[in-house]
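One structure is given below, encoded as structure tokens.
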Amino acid sequence: MNVDLYDFHLPEELIAQTPLLERTASRLLTLNKQDGAIAHHTFKDIVEQLQPGDTLVLNDTRVIPARLFGTKEDTGAKAEVLLLKNLGEDRWEALVKPGKKLKTGSVIVFSDELKAVIEEESDMGGRVLKFSYKGIFQEILDRLGQMPLPPYIKEKLDDKERYQTVYSRHEGSAAAPTAGLHFTKELLEQIRDKGVTIAYLTLHVGLGTFRPMSVDKVEDHVMHAEFYSVSQETADILNEARSRGGRIIAVGTTSCRTLETIGNRFKGGQLETCSGWTDIFIYPGYEFTVVDALITNFHLPKSTLVMLVSALAGREHILHAYEEAIKEKYRFFSFGDAMFIY
């Protein structure tokens, strides 16, 4: 299957650069995965789209201020680091700039209290850094680090919390699970009041988010592994929903990938608490085991995420919905509008 099958023209002005003043003011395109029917709403209308007995699954990961700026100790040249994965013992997998000049053994100084040495090169152009510091690492990171906004966002973010979901709890992501940015605590209460169960899981978004596909054939692409965790409470909620035939609705592709990871892990049996690393790649031809519906944003052309939503709703339905969204000038990507595939 050729990657070009998932290409489309996206006018640059439709790439949202800043969040809206109100989270729920985003637009919402609904897509029926059976017949391709499309309708237009605002996001607060999601309450009407949900039904009593539905289960809404949210990713409660929290983005760390993972972008650090420093200088090479020996030359004073500027260096940039994007933390991706905590390997333990003060070692992190990261992306670095400029990659060609930051080799194994290079020392990067960020401040009087924080420096790092590059220990080794990792896959997909990454590096493994060993940090040394004075004080508490997380507190230093909060002071020195910046939010790791995607490269297509050029505007500065004034309020760091706007790149966090209102239910974020577990720190560890290099990017936000952006479909969740549309929710407020008040909206979640309205959803609960309607008889919808809300469950949480954690997937820390990593390197794959920042890497475009570099292959011609979809099947040749390899996903980067990301850490996930599902509690027994959430497993019990999902088991109960499945037993009575209630819809399980993933909020975001990260929740979707985690749910399908555990669905495959337990092979149609009872789900249980679990954690680990997932590199699941969902594209057309995949048969969903847990997820019935999905709330998601609009994604990049030729991306793994466009392929995931195409697996759920069909490539033709998705490309037609995207064509409609572009015509109606929906906002795309992290700070953009939303889609509900049901």
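None of these values were measured; they are calculated from a predicted model.
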Extract all donor-acceptor atom pairs below 3.5 Å that involve side chains of residues 170-177 and protein atoms in other chains or at least two apart in sequence.
unit_1, atom_1, unit_2, atom_2, d
Glu171, OE1, Gln138, NE2, 3.4
Ser173, OG, Thr61, OG1, 2.8
Ser173, OG, Val205, N, 2.8

Listing, residues 329-338 side-chain donor-acceptor contacts under 3.5 Å, not counting sequence neighbours, or none:
unit_1, atom_1, unit_2, atom_2, d
Tyr330, OH, His40, ND1, 2.7
Arg331, NH2, Thr18, O, 2.7
Arg331, NH2, Phe335, O, 2.8
Ser334, OG, Tyr152, OH, 2.9
Asp337, OD1, Arg27, N, 2.9
Asp337, OD2, Arg331, N, 2.7

Identify each donor-acceptor pair in which a side-chain atom of residues 269-283 lies under 3.5 Å from a protein atom, sequence neighbours left out, and give them as a table.
unit_1, atom_1, unit_2, atom_2, d
Thr273, OG1, Val230, O, 2.9
Thr278, OG1, Thr261, OG1, 2.7
Thr278, OG1, Ile280, N, 3.2

Would you please test Met1 and Leu5 for side-chain contact (heavy atoms from CB on, under 4.5 Å) and show each step?
CA-CA 8 Å; Met1 193 160 38; Leu5 289 170; 3.8 Å; yes

Could you give me the CA-CA distance, side-chain angles and deciding distance for Phe8 and Glu323, then say whether side-chain contact (heavy atoms from CB on, under 4.5 Å) is met?
CA-CA 8 Å; Phe8 55 90; Glu323 184 182 334; over 6 Å; no

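Arg143 pairs by the side chain to side chain contact (heavy atoms under 4.5 Å, CB included) definition with Glu113, Glu139, Ile140, not counting sequence neighbours. For Ser214, there are no side chain to side chain contact (heavy atoms under 4.5 Å, CB included) partners two or more places apart in sequence or in a different chain. For Ala313, the side chain to side chain contact (heavy atoms under 4.5 Å, CB included) test picks out Leu31, Lys33, Ile318, Ile341, with sequence neighbours left out. By the side-chain hydrogen bond (donor to acceptor under 3.5 Å, both in side chains) test, Ser303 is found to be paired with no residue, residues two or more places apart in sequence or in another chain being considered. For Thr104, the side chain to side chain contact (heavy atoms under 4.5 Å, CB included) partners are Glu121, not counting sequence neighbours. Residues forming a side-chain hydrogen bond (donor to acceptor under 3.5 Å, both in side chains) with Glu22 (at least two apart in sequence, or on another chain): none. Residues forming a ring-ring contact (aromatic ring centres under 6.0 Å, His included) with Phe69 (at least two apart in sequence, or on another chain): none.
Only one option out of Thr254, Thr258, Asp60 pairs with Thr202 in a side chain to side chain donor-acceptor pair (under 3.5 Å); it is Asp60.
By the criterion of side-chain heavy atoms lying less than 4.5 angstrom apart, applied directly or through intervening Ile, Leu, Val, Met, Phe, Trp or Tyr residues, Leu68 is grouped together with Ile108 in one hydrophobic cluster.
Each salt bridge (Lys or Arg N to Asp or Glu O under 4.0 Å) pair with one or both residues in residues 294-306, not counting sequence neighbours, appears once here: Asp4-Lys302. For residues 236-246, the set of pairs meeting the salt bridge (Lys or Arg N to Asp or Glu O under 4.0 Å) definition, not counting sequence neighbours, comprises Glu240-Arg244.
Proximity of the aromatic rings of Tyr133 and Phe131 is defined here by a centroid distance below 6.0 angstrom, and this criterion is not met.
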